[in-house]
Number of protein chains: 2
Amino acid sequence: MHRIDDVNVLAECLSSSDFELNFSFPAARYARLFHAHAGDFILREGEEPAYLYYLHTGRVKLYLTLSNGKVSLIDFFEAPCFLGEMELIGVQRESRAIQALGDCRCLALPVRECRELLLHDALFLRKLCVYLGTKNNRNVASLSQNQAFPLANRLAAFLLFASPDGHYRERHTHAAEYLGVSYRHLLHTLSDFSRKGYIVKETRGYRLANRAALEEKARGIES
Amino acid sequence: MHRIDDVNVLAECLSSSDFELNFSFPAARYARLFHAHAGDFILREGEEPAYLYYLHTGRVKLYLTLSNGKVSLIDFFEAPCFLGEMELIGVQRESRAIQALGDCRCLALPVRECRELLLHDALFLRKLCVYLGTKNNRNVASLSQNQAFPLANRLAAFLLFASPDGHYRERHTHAAEYLGVSYRHLLHTLSDFSRKGYIVKETRGYRLANRAALEEKARGIES
DNA sequence: CCGCTTCTATGAGAAATCTCATATTCAGTT
DNA sequence: AACTGAATATGAGATTTCTCATAGAAGCGG
């Protein structure tokens, strides 16, 4: 990830986002702009971030490495959202990494300069509470779903979620991590879906061939 | 759960807790006191709470009922903590219930009167952010652990966690919910631990007989 | 004391999921 | 063009976990 010092690009980003609406102090005055390429790390494991980031464009994934050695993909985040907010409020112990999935633009407030301002800004804190609460809800939902439903149901929901145009193109490796199952088992279930005609393999990915059946499978998950 | 109108008891509760330190306005003026017996519901599923609760004494469990019909135990909370804060900030969609595990005392602020005060109080909001962030961390940790380790490891950790005096006395039904496995499988694994001599069955519960072995099993989980 | 519900307990068999081994393809590198 | 590391695939067998069936024990209101 590298910093972009072009003042015009920064101004453009600021004006094309809700960034400033999150603060009751003139945050724009402190803002920097960063650009991350696909695969770049925005937060590295065990590193104290120097900025509070606001993802302006792009998509990232958050994961942590267990003592197991296994890497567990925790969640996807899409712009707009905060990154590094847990560290700001000082509740971060685990070593987490945030990695860009595609090109990302991040507005950033330097913690050193803004920490006190942020921690006394009721508007920002309220926005942050909502954001944290929403994240919490999602986590709780997936926590209980993972335990309550076998992969077939969760995969059906994921296929529908991740295929806006009816074409599924996620990496199997990513999907397996996200769904919390082994790569092997994901492939099993995909080929099972193929056999049943729910999906059809294409040159690159799958086409959702029987949306109704997938929705039926996914039912009971949406809560 | 019923309200306690004794002003002296209320005053006593206020003075014996950090309650007032969470707010920069005179919250004590608005505070009520409630008492819940074991099994009482503090929040019912699908009900909009009229109060922001601060658990003064006691222990509660939070769970939600899936469309599945299955009930999923999400978490335990111990005093002191907030309850109903998700609803206050307006990010609550799922139907959750909070049930007292033993006798509980709750300080409570009426949402109708305090909502605006609370949502503009930077001190309270900051405390709430920390609280939500901590909750989030716990959820993420258990989310990834559940996926990464079989029950034997998690159970070992749970036994050590839930047996301060070396005697385990949790309800199997509760434990099974909490660990996210079937009752049957929990019993399997317990009897396996028995056979291996890790634990010894007593009149009521189990005694941890081989703490070292349990710690070995639990290792790799503590992150 | 009776009937009801919940918890505890155990067995048998099935389903879900994992590990390991092995190939192939593909993109990037040298 | 050869090499390498990741992603894709597929098979076989083991492990984990679940469902169902059954039964006794404990607690509780009538």
Side-chain angles (χ1 to χ4, degrees), chain A residues 37-39 61 63 66 68-73 99 101 144-159 162 168-196 199-206 217 220-221, chain B residues 37-39 61 63 66 68-73 99 101 144-158 168-196 199-206 217 220-221:
Chain A
H37 295 100
K61 63 176 177 178
Y63 54 87
L66 302 165
N68 218 2
K70 283 188 196 177
V71 173
S72 176
L73 181 59
Q99 192 174 22
L101 280 171
S144 41
Q145 282 171 196
N146 278 346
Q147 294 182 344
F149 299 92
L151 177 63
N153 300 283
R154 286 178 286 138
L155 178 58
F158 182 67
L159 288 173
Y168 173 76
R169 296 197 167 136
E170 295 297 320
R171 287 249 121 111
H172 293 332
T173 44
H174 289 175
E177 280 182 83
Y178 183 61
L179 293 165
V181 297
S182 68
Y183 178 85
R184 187 67 192 86
H185 188 49
L186 172 63
L187 270 281
H188 260 312
T189 311
L190 277 173
S191 79
D192 181 56
F193 279 10
S194 263
R195 232 178 299 112
K196 288 175 176 161
I199 56 180
V200 174
K201 191 181 287 188
E202 295 181 319
T203 326
R204 177 166 174 269
Y206 294 82
K217 268 280 180 195
I221 278 196
Chain B
H37 294 101
K61 63 175 177 177
Y63 54 87
L66 302 165
N68 219 3
K70 282 187 195 176
V71 172
S72 177
L73 182 60
Q99 193 175 20
L101 281 172
S144 43
Q145 282 169 196
N146 278 344
Q147 294 182 345
F149 299 92
L151 178 64
N153 301 284
R154 286 178 286 140
L155 178 58
F158 182 67
Y168 174 77
R169 297 199 166 135
E170 296 297 319
R171 286 251 123 107
H172 293 332
T173 44
H174 289 175
E177 280 183 82
Y178 183 61
L179 294 164
V181 297
S182 67
Y183 177 85
R184 187 67 192 87
H185 188 49
L186 173 63
L187 269 282
H188 260 311
T189 311
L190 278 173
S191 79
D192 181 56
F193 279 11
S194 262
R195 231 176 300 114
K196 288 175 177 162
I199 56 180
V200 173
K201 191 181 288 190
E202 296 181 319
T203 327
R204 178 166 173 269
Y206 295 82
K217 269 280 181 196
I221 277 195

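Note on naming: letters A, B, ... go to the chains in the order of the sequence lines (proteins, then strands), and numbering restarts at 1 for each one. For clarity, every value in this text was computed on a predicted model and none was experimentally measured.
For the pair Phe193(B) CZ and dA9(C) P, the interatomic distance rounds to 16 Å; values are reported in whole Å. Glu170(A) has its CD atom 13 Å from the P atom of dA7(D), to the nearest Å. For Arg169(B) and dC7(C), the CZ to C1' distance is 17 Å, given to the nearest whole Å. A straight line from CG of Leu186(B) to C1' of dC7(C) spans 12 Å, rounded to a whole angstrom. In this entry the distance linking CG of Asp192(A) with P of dA16(C) reads 9 Å, nearest Å. Remark: C1' of dC26(C) and NE2 of His172(A) are 14 Å apart, rounded to the nearest angstrom. Between Glu202(A) atom CD and dT8(D) atom C1' there is a gap of 16 Å when expressed in whole angstrom units. Distance CD (Glu177(B)) to P (dT6(C)): 13 Å, rounded to an integer number of Å.
In this structure the side chain of Val181(A) reaches within 4.5 angstrom of the side chain of Arg154(A), judged on heavy atoms. By the 4.5 Å heavy-atom criterion applied to side chains, Leu159(A) and Tyr206(A) are not counted as neighbours. In this structure, the side chains of Leu190(A) and His172(A) come closer than 4.5 Å at one or more pairs of heavy atoms. Side-chain contact between Tyr178(A) and Glu170(A) is absent, with no heavy-atom pair separated by less than 4.5 Å. Two residues are said to be in side-chain contact when any heavy atoms from C-beta on lie closer than 4.5 Å; Ile199(B) and Tyr168(B) fail this criterion.
For Lys196(A), the side-chain hydrogen bond (donor to acceptor under 3.5 Å, both in side chains) partners are Asp192(A), not counting sequence neighbours.
Put simply, CG on Leu155(A) and OG1 on Thr189(A) are 6.5 Å apart, with the number rounded to the nearest 0.5 Å. With rounding to the nearest 0.5 angstrom, the NZ atom of Lys61(B) is 3.5 Å from the NE2 atom of His174(B). From Leu186(B), atom CG reaches atom CD of Glu177(B) across 11.5 Å, with rounding to the nearest 0.5 Å.
Terminal axes of the helix from dC1(C)-dG30(D) to dT30(C)-dA1(D) (five pairs each, C1' rotation axis) are separated by 40°, to the nearest 10°.
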Revision key, fill the gap. Each nucleotide of nucleotides 10-17 of chain D classed B (base within 4.0 Å of a protein heavy atom), S (only sugar-phosphate) or -, in 5' to 3' order, makes BB----SB
